[in-house]
Amino acid sequence: MGDFVWGAATSAYQIEGGRFAGGKGESIWDRFSDSGRMPESGDVACDHYNRWEEDVALMAELGIDAYRFSIAWTRVLPDGRGTLNQAGLDFYDRLVDGLLTEGITPYPTLYHWDLPQALEDEGGWTNRATVDAFVEYAEAVVGRLGDRVTNWITHNEPWVATFLGHLEGVFAPGRQSWTDALAAGHHILLSHGRAVPALRAGGADRVGIALDCRVAFPASESTEDIAATRHFDGFRNRWFYDPVFGKGYPADMVAAYRDRGRFAGDTIPANRPGDLDEIAAPVDFLGLNYYTSIPISAARGDETEDTGVPAGPNPLEGHTEMGWPITPDALTAFLHRIDDEWSPSSIYITENGASYSTGVDANGRVPDQERIDYLDSHIAAVATARASGVPVDGYFVWSLLDNLEWVEGYRQRFGMIHVDHGTGTRTPKDSYHWYRDRIKESRR
Ligand code: FCB
């Protein structure tokens, strides 16, 4: 894996803290945590806002080529648009310089779900004006960092922001409406499509988007289960992959949503003539976030993520502590499918990793062998796809640090570096040392 890019990933709300530092505005996640809907808030998180130099030193020691992080819109434009906050931009400016000094390539993501609350108050992603605000934000950031940052990611996991945030209501902003979800998803896609040329105009060489997935397979060979799997795949995957890659919204899903009364008319109401062309702005790479796959049965329903963990003597066997089944082969299969169906010229695994709560032992070690096994099997799955010609060019572990796992709080630990959330102390886990060696070995 010669010129393969090895990296690690984080996101702003999950690690930065510094909620009120340097003129930062309020985001929908600040508001969501204040409303008591999370076990803990990201007010302090990993205190990366203050400890970023220590974190960059840990990355340098790890030997990664690239670091994927996200920029908090509310640091740059506290009200979402209008007045630029130089202190917020200064923070990312220093971070980027610190990374480059260590030879680590920055891969910033513009939107990892932390919409400015001021925009939410005006309808958030359901309001088409938020698309213009996003482009203004993208221009501001690339205007400041574009002379040094060449790789950019517009959005992280639009499915999550759209459906967990606007339909299921379990993520910020906590809305529960099909009308809102379909509008929000469309505007997120449109903002991606418009940001691509805006970033290029500001000097970006390579622009991509990080899409999530739930690889689905029928629980049985019955016609009903096969049909339910196709619908689930449309809801969970194709709804975003198809428009980004120029295929428009999947016709079977548009028909199904209309039949189920989620909108009236020929297409979803937010979709205006010309939008799909803008959404299909060619990207330089696809970021794929992969964690698990899911069996679908008609009885379980075709639009629910709720897999549950099977009962049994050891319910977590074969699952991470998120309850997610460990299925590396499905990653290889999905990479082949991406290549066949959407054909991006380049793919990066922008997130992959596992939650295990292994703590620091009496010798100061964190023996997280399960995480090593998970990462090893998934890197092998990527190598298999690559060996048969799928253009996978990099892999980012989620995550560099134990951090705020959204509504799960701090108890779910995805990091290669253990973080004591009382003191902020960082302790590299066994997986950190393993990954460092794995990267070295690949360069031999
Ligand atoms: C992804 C998110 C990331 C993290 C991992 C575990 O859906 O992009 O922020 O929470 O899951």
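Computed from heavy atoms alone, side chains included, the values below leave out hydrogens, waters and symmetry copies.
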Taking Y107's backbone N and O only, do any of them form a donor-acceptor pair with R68's side chain (distance below 3.5 Å, no angle check)?
no

In terms of side-chain geometry, is the basic nitrogen of E16 or K24 positioned less than 4.0 Å from the acidic oxygen of its partner?
no

Donor-acceptor pair between S297 and D225 side chains, under 3.5 angstrom
no

Name the orientation class of the two ring planes belonging to H421 and Y410 (parallel below 30°, tilted from 30 to 60°, perpendicular beyond 60°).
tilted

Does a side chain donor of either D393 or S346 reach within less than 3.5 Å of an acceptor in the other side chain?
yes

Using a strict threshold of under 4.0 Å (side-chain N to carboxylate O), is an ion pair present between R148 and D93?
yes

Decide yes or no for W239 and L182: does some side-chain heavy atom of the first lie under 4.5 Å from some side-chain heavy atom of the second?
yes

Do you see a donor-acceptor pair shorter than 3.5 Å between the side chains of R337 and N237?
no

Hey, mind stepping through H155 and F134 against ring-ring contact (aromatic ring centres under 6.0 Å, His included) and telling me if it holds?
CA-CA 10 Å; H155 278 270; F134 184 75; 4.7 Å; yes

Is it true that T327 and Y290 share a donor-acceptor pair across their side chains at a distance under 3.5 Å?
yes

Is the backbone N or O of L110 less than 3.5 Å from a side-chain atom of Y137, with the two atoms forming a donor-acceptor pair by type?
yes

Charged N to carboxylate O under 4.0 angstrom, D284 versus R200?
yes

Taking atom types as modelled, is there a side-chain donor on Q86 or D90 under 3.5 Å from an acceptor on the other?
no

Fit a plane to each ring of F32 and W29, take the angle between them on a 0 to 90° scale, and name the class: parallel (under 30°), tilted (30 to 60°) or perpendicular (over 60°).
perpendicular

Can you classify the ring geometry of F163 versus W159 as parallel (below 30°), tilted (30 to 60°) or perpendicular (above 60°)?
tilted

Is the distance between the ring centroids of W6 and F4 less than 6.0 Å?
yes

Assess, by modelled atom type and distance only, whether the side chains of Q369 and Y356 contain a donor and an acceptor separated by less than 3.5 Å.
no

Does a donor on one side chain sit under 3.5 Å from an acceptor on the other, for D180 and H166?
no

Test log, rule salt bridge (charged side-chain N to carboxylate O under 4.0 Å, His left out), inputs D302 and R230:
CA-CA 9 Å; D302 56 14; R230 182 75 184 151; over 6 Å; no

Indicate the ring-plane relationship of Y241 and F334, choosing parallel, tilted or perpendicular according to the 30° and 60° boundaries.
perpendicular

Got a donor-acceptor contact below 3.5 angstrom from the N85 side chain to the G22 backbone?
yes

Can you find a pair of side-chain heavy atoms, one from D361 and one from P367, that are under 4.5 Å apart?
yes

Is it true that a side-chain atom of R413 and a backbone atom of D402 form a donor plus acceptor pair closer than 3.5 Å?
no

Chi angles and distances behind the salt bridge (charged side-chain N to carboxylate O under 4.0 Å, His left out) call for R81, D132:
CA-CA 9 Å; R81 58 163 79 85; D132 302 324; over 6 Å; no

Would you mind checking if K429 and D368 are paired as a salt bridge, meaning a charged N to carboxylate O distance below 4.0 Å?
no

Would you please classify the geometry between the F171 ring and the W113 ring as parallel, tilted or perpendicular, with 30° and 60° separating the classes?
tilted

Salt bridge (Lys or Arg N to Asp or Glu O under 4.0 Å) partner of R19, chosen from D47, D43, D114
D43

Checking R371 against D430 for the salt bridge (charged side-chain N to carboxylate O under 4.0 Å, His left out) test, could you report, in this order, the C-alpha distance in whole Å, the side-chain angles of both residues, the deciding distance, and whether it holds?
CA-CA 9 Å; R371 177 171 293 98; D430 282 4; over 6 Å; no

